Protein chains: 2
Amino acid sequence: MNIYEIAELAGVSIATVSRVINDSPLVSEKTKLRVRRVMEENDYTPNVFARGLGLNSMKTIGLVCPDVADNYMARAVACLERDLREYGYNCILYCSGYAWEDRRIAVRTILQKRIDALVVIGSSYADDDPDAERVEYIREAAKQVPVFLINGYIRGENIFCALCSDYEAAYSAASELLRSGRRKILFLSDSHSYSANQKRSGYEAALREAGVPVREDLVIYTRNRIDSVRDLLLEMPQLDADAVFATEDGLAAGVLKYAKRRGAAVPKDLAIIGYNNSELAVCCDPELSSVDSRVDRLCKIVIDSLKLRLNGKPVNDRVYVKGCLIRRMTTDF
Amino acid sequence: MNIYEIAELAGVSIATVSRVINDSPLVSEKTKLRVRRVMEENDYTPNVFARGLGLNSMKTIGLVCPDVADNYMARAVACLERDLREYGYNCILYCSGYAWEDRRIAVRTILQKRIDALVVIGSSYADDDPDAERVEYIREAAKQVPVFLINGYIRGENIFCALCSDYEAAYSAASELLRSGRRKILFLSDSHSYSANQKRSGYEAALREAGVPVREDLVIYTRNRIDSVRDLLLEMPQLDADAVFATEDGLAAGVLKYAKRRGAAVPKDLAIIGYNNSELAVCCDPELSSVDSRVDRLCKIVIDSLKLRLNGKPVNDRVYVKGCLIRRMTTDF
DNA sequence: GAAGCTCTTGTAAGCCCTTACAACCTGTTA
DNA sequence: TAACAGGTTGTAAGGGCTTACAAGAGCTTC
């Protein structure tokens, strides 16, 4: 069943059928109705490939993220997919993994599908990255389609960034801990990504401002896995800290669990703040205080920009969203 | 840059270029090398739309699931996407939501993209469903492309199912609890889906077999949200149970948390078993015993079947995988 | 030296749409 | 009544690829 048969059955030309498909104002209402009825009766759907060829677009957006099994990215993907679909676009998903080379391949590969735009989630790039040239592939991609980064920042033609102001968020989280009298605040992170570095800077700024020296031994990196955190704490016979600021809820949840086992009272002996406000946070006992990095908000911003951009309108190339601390039970009141 | 230009530059016909693109054995190695070099030099990529038109396939698989933000489905999507990609296929994702009408629309919509196969995750359909006709759209879809169900069962031409044997898994989970002397086992579920019903049947069978009467007041349904569980427990001044079997880890985690708050010793006073062995389970304290429903295994099976099917080979239309109980700290040894 | 074979290449039709341009119809206007 | 405008429809030329079929090139064989 193709456009010719429909045209035949409706007694019109294929041009008219095509116009009906595209709801062109050039067709009279009467004809439209007739053609539509024939299409429905034969439940005809235009061939998207042919359509793609003609329009040079299949109304598809590429979504690249390191790992959808991560709750943060999953929420982003869910949000983006829904909204974009409602706007008439489908999403091709590509879980790249975290390695830079794999990310590069991901973008290159997905571009071959002739997507209309590319969204990269959790990219954590930055211009001031010491290895800045490793994000060059993003700029390459931007030559072909508009590129939207969620939580990554790269300056460039046709590149649009929506970021959580991690620096500020970390600053205020650390300040909160300082305000409640904590002086030995452990900074726990799982990566040296741009956003992790921003968090660290914010943390250090808050300490400095409060006149508290930044102690190298209180800045620790480990894998975001519960057993890594367990091992970490096992190796530290006595944890010389009265608070923890973790760059991921998973890390914070681990600290909470194993510190409690060790007999620490939370938050009295040890206050804890996580990051991302994931589903984990409310499952913890006591509930974990966490910085909400506002994925949904970031996604909305990206979607709005994307719509504007696809309509050829100008778009801000950088938007920051303030992260906000959700106070639960692992911090003082 | 199109196939004509490449042909021109390489001094061959477009047919030859096309054959090189498709790595046809009809082309001499010498010519292949030459054409390939020209393609690389101009970094040419064949237009997928035109290719799709010609081959009637864009090497794309449709992935429909109610909600990727759910850890179980996210793991499935991640696994499927990776393996299918390695096999040369990309995935179009569609998060349908749970409503039946929305699922129907999801499948109908995604089919229009002329995908080569459809994978439906967490469908929880069944032939013996009282509302069996509501899954008719799956059979409709199967007329167009092979359909693979993960954790759903519908008999039909071109429909292939991979399921966790929830009945058995639940049976053995309940048996485990009975073996350790529990007699008042609460069955806690968040849905009346096919697989939830299977779990309930398994649970009841175990009780009956042990000569323990099934108490209606110990079968409870509630939303899979931590606060729903909290409210549920609040409404039950004294929980007359010595064990809980929950159909989702989220529910189990909630019970664990609020039962502990109430002073119950776990597992001494209350043993708990969850389901799906999600990331939550190990974050709980004590770590949650949980039935591993083996998403990864199910995905592998689907992928293997899918490959066979796409090559026109015969495939089992139903494969069961045994769920297995992961014993952690919320059950006795 | 002609026939026949295999290997390789080219020609052209086809896949199913979109859309520029031409043409037609109807109703006004001068 | 002719010219014209506006609204509607049709014709035909793409768009970039695949592939059936034809054909040429280089061998071998008798």
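Computation of the quantities below employed the complete heavy-atom set of this structure, encompassing side-chain atoms and omitting hydrogens, waters and symmetry-equivalent molecules. Here the structure is a predicted model, which means the values were calculated and not measured. Sequence lines set the chain letters: A, B, ... in the order given, protein chains first and strands last, and positions in each chain run from 1.
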Pick base, sugar-phosphate or nothing for [X], based on heavy-atom distances below 4.0 Å to the nucleic acid.
X       : value
B/Val12 : sugar-phosphate
B/Val27 : sugar-phosphate
B/Val48 : nothing

Report task. For A/Leu26 and for A/Ser18, find the nucleotide of DNA chain C with the closest heavy atom, then tell me which residue's nucleotide is more 5'. Result ->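 In this pair, the answer is A/Ser18.
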
Query raised in the report: Want to settle it: does A/Val17 or B/Pro25 sit nearer the 5' end of DNA chain C, counting the closest nucleotide to each?
Result: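 First, find each residue's nearest nucleotide; the 5'-ward one identifies B/Pro25.
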
Side chains of [X] and [Y], donor plus acceptor under 3.5 Å:
X        : Y       : answer
B/Tyr72  : B/Asp67 : no
B/Asn47  : B/Arg51 : no
B/Arg85  : A/Tyr94 : yes
B/Asp116 : B/Ser57 : yes

Atom pair distance, as rounded to whole Å: [atom1] in [X] and [atom2] in [N]:
X        : N      : atom1 : atom2 : value
A/Gln112 : D/dG16 : CD    : P     : 17 Å
B/Tyr4   : D/dG14 : OH    : C1'   : 10 Å
A/Asn22  : C/dT18 : CG    : C1'   : 7 Å
A/Ile14  : D/dA12 : CD1   : P     : 11 Å
B/Ile3   : C/dA12 : CD1   : P     : 16 Å
B/Arg19  : D/dT18 : CZ    : C1'   : 9 Å
A/Leu53  : C/dG14 : CG    : P     : 17 Å
B/Phe49  : C/dG14 : CZ    : P     : 25 Å

Quick one: is [X] getting a side-chain N or O under 4.0 Å of the [N] phosphate, OP1 or OP2?
X       : N      : answer
A/Arg51 : C/dT18 : yes
B/Thr16 : C/dG10 : yes
B/Asn2  : D/dG16 : yes

Minimum-distance nucleotide (side-chain atoms of [X] versus [options]):
X       : options                : value
A/Thr31 : C/dT11, D/dG16, D/dT8  : D/dT8
B/Ser28 : D/dC17, C/dT9, C/dC16  : C/dT9
A/Ala50 : D/dT11, D/dG16, C/dC16 : C/dC16

Requested in this report: Indicate, with yes or no, if the rings of A/Phe49 and B/Phe49 have centres closer together than 6.0 Å.
Outcome: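 Centroid distance A/Phe49-B/Phe49: not below 6.0 Å, so no.
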
